[in-house]
Amino acid sequence: MVDRSNRAEVRNPVLGLPAAAKLQALPPDVRQVVAEVFRDLSVDARARAQVSWRKNKGPMAAYWKAVGAYATHLYRAVRPC
């Protein structure tokens, strides 16, 4: 029996999207630039989530937390190995 968490598309749901294959088909130098953009977005979104949480703005904190999570998934899907 294969453990559910061992499958890559479970650990990173972006890998199950058709667009993921298009991102991974880009040249390595382009993938690096796109990965850096997603990484910056992830860091910024997670920081905004913390600020929103401290200001007792739960819905905005949840929104930014989700943005940060998806940006991290995209970063990991597109970064050159």
**R31 atom CZ, over 12 foreign heavy atoms within 6.0 Å** = yes
**Asked** Do S52 and W64 touch side chain to side chain, with heavy atoms closer than 4.5 Å?
**Response** yes
**Item:** Gap between atom CZ of R46 and atom CG of L41 - 0.5 Å precision
**Value:** 10.0 Å
**Message:** One pair to check against side-chain contact (heavy atoms from CB on, under 4.5 Å): Q24 and L15. What are the steps and the verdict?
**Reply:** CA-CA 10 Å; Q24 292 175 338; L15 294 174; 3.5 Å; yes
**Message:** Ignoring hydrogens and geometry beyond distance, is a side-chain donor-acceptor pair present between R39 and T72 at under 3.5 Å?
**Reply:** no
**Distance-minimising heavy-atom pair for R11 and H73** = O-CE1, 3.4 Å
**Complete:** side-chain contact (heavy atoms from CB on, under 4.5 Å) with V78: of V14, L23, V37, V30, only one passes, and it is L23
**Message:** Could you report the tightest heavy-atom contact between G68 and S42, atom names first, then the distance?
**Reply:** O-OG, 3.4 Å
**Prompt:** Which pair of heavy atoms, one from P28 and one from P80, lies closest together, and at what distance?
**Reply:** O-CG, 3.6 Å
**Message:** Please tell me whether V67 and L74 are part of a single hydrophobic cluster in this structure, the criterion being side-chain heavy atoms less than 4.5 Å apart.
**Reply:** no
